[in-house]
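In what follows, residues are counted from 1 in the order of the sequence shown. The shown structure was predicted, so the numbers you read here are calculated from the model rather than taken from an experiment. Order of listing sets the numbers, starting from 1, for every ligand and every atom in it.
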Amino acid sequence: MAKAKIAVNGYGTIGKRVADAVRAQDDMEIIGISKTKPNYEAAVAHQLGYDIYAPAANLGAFEKAGIPAAGSIEEMVEKVDLVADCTPGGVGEANKALYEKAGVKAIWQGGEEHELTGFSFNAVSNYEGALGLDFVRVVSCNTTGLCRVIYPIDKAFGVNKVRATLVRRATDPNDIKKGPINAIVPDPIKLPSHHGPDVKTVIPHINITSAAMKIPTTLMHVHTVNMELKNECTAEDVRKVLGSQSRIRFVGQGISSTAEIIEVARDIKRPRNDMWENCVWTDSVTMHEGELYFFQAIHQESIVVPENVDAIRAMMELESDGAKSIQKTNKAIGL
Ligand code: NAD
């Protein structure tokens, strides 16, 4: 079968990882990536062998900088079956008309609203619902992290209510513009935060509320998750369910922080120190008066990357079984 032809529009934190993950699969290929400016990331993308496309008005700047551009973003879109739009939140929306005009499928990221596509994706929760769709949104890092634990626990024990508190990294490691530098910022101050409602775009029947704050770190987010369960179970039962999920990793053995989790990612030689799995602290999994509690850490730069690959596979109908796609994606990227 011919490989699905994919473009990545917006080659930043998420886009560069999605491009590499697609490249690792045997049923899809990257036709091109887009960069707006001929900067160091464009130069590296060229070194990595990606064909670079740019806004038509900026093609001259690429030529001047000595970074070859293969054509305009419009030309890139015409050559593919599906575009993974990884432009900054709120920017991607404006590209919908371009994709519709070219008759190509498109995936957006969590920075866009659910309404843009009408389908919000998380592989373990609703893969089959994305089969053959033209437009899909892969939910944000935090929502992905929540869906990955809520869905299997709800299936096993039933969930009455979820309360999640999110301690969020201020920005990504390469970002020199954002803070906070020396503050803890309730974000947003009005409750609940959008994260709980966003989970409901994927798993609508879940009763969930959330609060979030930003702190001066760039490595990962940490969630405190509390769930009221319908059926009786022990902490060990919950560990078994979470342990059956390939995208959940238990952490312990002296790991007491996000810094040490990233060190593990370095030690196991993950590309860019990526930790694609939710990292659940084994010892934090606790049942108290019928309620479940645990801590998990979420690597914001990479957790949605395997989800993008699965979304492509579902939309292109390359695999009808979500579990098989998850397995295939994991194997190809080394998870
Ligand atoms: P980013 O700023 O790192 O990368 C975006 C890239 O798009 C940049 O290279 C930028 O130059 C380029 N770009 C900007 N405007 C463009 C345009 N009009 N056409 C083509 N390219 C354009 O952003 P990111 O962190 O990768 O976020 C991308 C999306 O993924 C957002 O929706 C975001 O909410 C979501 N997301 C981000 C994270 C994260 O933690 N970084 C996690 C999950 C989801």
Can you check which of [options] brings a heavy atom nearest to [atom]?
{"atom": "atom 40 (O) of ligand 1", "options": "H299, E301, R169", "answer": "R169"}
{"atom": "atom 13 (N) of ligand 1", "options": "G89, A94, A45, P88", "answer": "P88"}
{"atom": "atom 32 (O) of ligand 1", "options": "P55, C141, G111", "answer": "G111"}

By number and element, which atoms of ligand 1 are closer than 4.0 Å to a non-hydrogen atom of [X]?
{"X": "S34", "answer": "20 (C), 21 (N)"}
{"X": "D172", "answer": "25 (O), 39 (C), 40 (O), 41 (N)"}
{"X": "V91", "answer": "15 (N), 18 (N)"}
{"X": "Q109", "answer": "29 (C), 30 (O), 32 (O), 35 (C)"}

Checklist entry - Which distance, rounded to the nearest 0.5 Å, do you find between the NZ of K324 and the NZ of K328? => result 11.5 Å
Just to confirm my output: which protein heavy-atom neighbour is closest to [atom], and how far is it?
{"atom": "atom 5 (C) of ligand 1", "result": "C86 O, 3.5 Å"}
{"atom": "atom 4 (O) of ligand 1", "result": "G12 CA, 3.2 Å"}
{"atom": "atom 25 (O) of ligand 1", "result": "T13 CB, 3.7 Å"}
{"atom": "atom 19 (N) of ligand 1", "result": "T87 CG2, 3.8 Å"}
{"atom": "atom 12 (C) of ligand 1", "result": "G10 CA, 4.0 Å"}
{"atom": "atom 11 (O) of ligand 1", "result": "T36 OG1, 3.4 Å"}
{"atom": "atom 42 (C) of ligand 1", "result": "Q300 O, 3.1 Å"}
{"atom": "atom 20 (C) of ligand 1", "result": "N9 OD1, 3.3 Å"}

Checklist entry - Can we call the ring centroids of F119 and W108 under 6.0 Å apart? => result no
Checklist outcome for this item: Which of T143, N142, T144 passes side-chain hydrogen bond (donor to acceptor under 3.5 Å, both in side chains) with D198? Answer is T143
Item to check | Sole residue of R148, R270, R247 in salt bridge (Lys or Arg N to Asp or Glu O under 4.0 Å) with E277 | outcome: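 Output: one option passes, namely R270.
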Item to check | Exceeds 12 heavy-atom contacts within 6.0 angstrom, atom CD of E93 | outcome: no
Next on the checklist: Please work out, at 4.0 Å between heavy atoms, whether the side chain, the backbone, both, or neither of I14 comes within that distance of ligand 1.
Outcome noted: both
Checklist entry - ligand 1 versus Y11, non-hydrogen atoms closer than 4.0 Å: side chain, backbone, both, neither? => result backbone
Next on the checklist: Quick check with a 6.0 Å cut-off and a 45 degree axis cone: is R23 positioned over the face of Y50's six-membered ring?
Outcome noted: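 Yes - R23 lies over the ring of Y50, closer than 6.0 Å to its centre and within 45° of its axis.
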Checklist entry - Is there a donor in the side chain of D172 and an acceptor in the side chain of Q300, or the other way round, less than 3.5 Å apart? => result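 Indeed, the side chains of D172 and Q300 share at least one donor-acceptor pair under 3.5 Å.
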Item to check | Test item: side-chain donor near acceptor, E263 and N273, under 3.5 Å | outcome: no
Next on the checklist: Tell me every residue that passes salt bridge (Lys or Arg N to Asp or Glu O under 4.0 Å) with E319, counting only those two or more places apart in sequence or in another chain.
Outcome noted: none
Checklist entry - Strictly under 4.0 Å, does any heavy atom of K35 approach an atom of ligand 1? => result yes
Item to check | Within-cutoff protein neighbour (heavy atom, under 4.0 Å) for atom 23 (O) of ligand 1 | outcome: no
Checklist outcome for this item: Tested for side chain to side chain contact (heavy atoms under 4.5 Å, CB included) against Q296, the lone hit among V222, V285, V280 is V280
Item to check | Any side-chain heavy-atom pair of V241 and F157 under 4.5 Å | outcome: yes
Side-chain donor/acceptor pairs under 3.5 Å, residues 178-189, sequence neighbours excluded:
residue	atom	partner	partner atom	Å
D187	OD2	R168	NH1	2.9

